[in-house]
There are 2 protein chains.
Amino acid sequence: MNWEKHLSDEGLRITGPRRAIMEVLLAASVPLSPREILERGQRVHRKLGLVTVYRTLSLLEQFHWVRRVHREDSCHAYLTTSPGHRHALICCGCGQAVDFPGGDDLDTLIERVEARTGYCINDHLLQLFGLCPGCQETRA
Amino acid sequence: MNWEKHLSDEGLRITGPRRAIMEVLLAASVPLSPREILERGQRVHRKLGLVTVYRTLSLLEQFHWVRRVHREDSCHAYLTTSPGHRHALICCGCGQAVDFPGGDDLDTLIERVEARTGYCINDHLLQLFGLCPGCQETRA
DNA sequence: TTTTCTGCAAAGGTTTTGCACCAAT
DNA sequence: ATTGGTGCAAAACCTTTGCAGAAAA
């Protein structure tokens, strides 16, 4: 199901600003801050305002069409999501981000921590940071 | 080595405000936001100001005496650190936090992601969220 | 006494809120 | 025609900076 149909089904409207923001996020391979989304979005929908960016992000986040990640310089940056619970690997050189699934290793880790602490774990935040192949060359 | 000796060795001063902030953090079992640290710290050192809290946190963070974690409601919250690279498991019910080491599972996961993506991974952010044993009872 | 640290005030950011107008249905 | 959405302005926060006075060493 696509996001436009999803919003319609919820009785919400498909508007120019919302299309612009979604378009920007879908085109980005790097997590973007609200301000960056504004700047890029204004190239699509000239009158776009920052307030609408915030409101749209929080809407899209509720429906899991976008996801918030933590960047060192701007604590709140947004990415479109792949289906399922995935994690971000972010390049410290160029900001390029790729998604990856947690997999069995993470499940095992969580089970061990549950056993040791008695906590019932129901969510996690995992992000990896490093250098992408391109940036490794540049620094070599 | 304790933090007071560490600061002295660096030519920095042990002051009332710094003692108050460290005392608050050592007594806390929950990650605290700068504002929360201020409020608790003022009970120890009445004239403590928010600016000093920020400056002291950034100082202590540089020396790894405290560590920043991400709380849902306040992006920047601080904890005293255990030695080594450890992670936080935070209770969604009461905010209680415990530390745990990543262990082999995390190392394996990172190696696999490196192999699959070609990235060279040099840092990570991992936090777990759940219910502590006490809060599980309350909700049962 | 010397230098660092502190608190205040103010500046710089980001995020939220109130409201009248606009636009999707 | 009805609602919900938008942008503007302003408020509310959070974090950083400049500076004169206070306090460690």
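A quick note: this is a predicted structure, and the numbers were derived from the prediction, not measured. Within every chain, numbering begins at 1; the chains are lettered A, B, ... in the order of the sequence lines, protein sequences first and strands thereafter.
By the side chain to side chain contact (heavy atoms under 4.5 Å, CB included) test, B/Ala77 is found to be paired with B/Pro31, B/Val69, B/Arg71, B/Ser74, residues two or more places apart in sequence or in another chain being considered.
If you check every strand for non-hydrogen atoms under 4.0 Å, A/Arg18 touches sugar and phosphate atoms only.
With rounding to the nearest 0.5 angstrom, the OG1 atom of B/Thr80 is 13.0 Å from the CD atom of B/Glu23. Distance check, rounded to the nearest 0.5 Å: CG of B/Asn122 to SG of A/Cys92 gives 5.0 Å. Atom CG of A/Leu32 and atom CG of A/Leu79 lie 7.5 Å apart (nearest 0.5 Å). Taken to the nearest 0.5 Å, the OG1 atom of A/Thr117 stands 8.5 Å off from the CG atom of B/Leu128.
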Dump every N/O contact between nucleotides 14-16 of chain D and the protein below 3.5 Å, one line per pair.
{"residue": "D/dC14", "atom": "OP2", "partner": "B/Arg35", "partner atom": "NE", "Å": "3.4"}
{"residue": "D/dT15", "atom": "OP1", "partner": "B/His76", "partner atom": "ND1", "Å": "3.2"}
{"residue": "D/dT15", "atom": "OP2", "partner": "B/Tyr54", "partner atom": "OH", "Å": "2.1"}
{"residue": "D/dT15", "atom": "O5'", "partner": "B/Tyr54", "partner atom": "OH", "Å": "3.0"}

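Considering every non-hydrogen atom in both B/Arg40 and B/Ala28, the closest pair reads NH1-CB, 4.3 Å. Taking both residues in full, the closest heavy atoms of A/Ile90 and A/Ala97 are given as CG1-CB, 4.1 Å, listed atom of the first, atom of the second, then distance.
With hydrogens and angles ignored, a donor-acceptor pair closer than 3.5 Å exists between the side chain of A/Arg55 and the base of D/dG7.
Along DNA chain D, the nucleotide closest to A/Thr52 and the one closest to B/His45 are compared, and the more 5′ of them pairs with A/Thr52. For the pair B/Arg13 and B/Lys47, nearest-nucleotide mapping onto DNA chain C gives the more 5' position to B/Arg13.
The salt bridge (charged side-chain N to carboxylate O under 4.0 Å, His left out) pairs that include a residue from residues 100-121 of chain A are A/Asp105-B/Arg112, A/Arg112-B/Asp105, where partners are two or more places apart or lie in different chains. Within the structure, the side chain to side chain donor-acceptor pair (under 3.5 Å) test picks out no pair touching residues 49-60 of chain B (sequence neighbours left out).
Regarding A/Leu7, its CG atom lies at a distance of 14 Å from the P atom of D/dG4, rounded to whole Å.
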*asked:* Working note: B/Arg18 + B/Glu4, criterion salt bridge (Lys or Arg N to Asp or Glu O under 4.0 Å); need CA distance, chi angles, decisive distance, verdict.
replied: CA-CA 9 Å; B/Arg18 287 177 180 172; B/Glu4 299 198 359; over 6 Å; no
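Aromatic pair B/Phe63/B/His6: centroids less than 6.0 angstrom apart.
Taken over five-pair windows at either terminus, the axes of the helix from C/dT1-D/dA25 to C/dT25-D/dA1 are inclined to one another by 40° (rounded to 10 degrees).
Bounding nucleotides for the chain A contact on DNA chain C, 5' to 3', at a heavy-atom distance below 4.0 Å, are C/dT14 to C/dT25.
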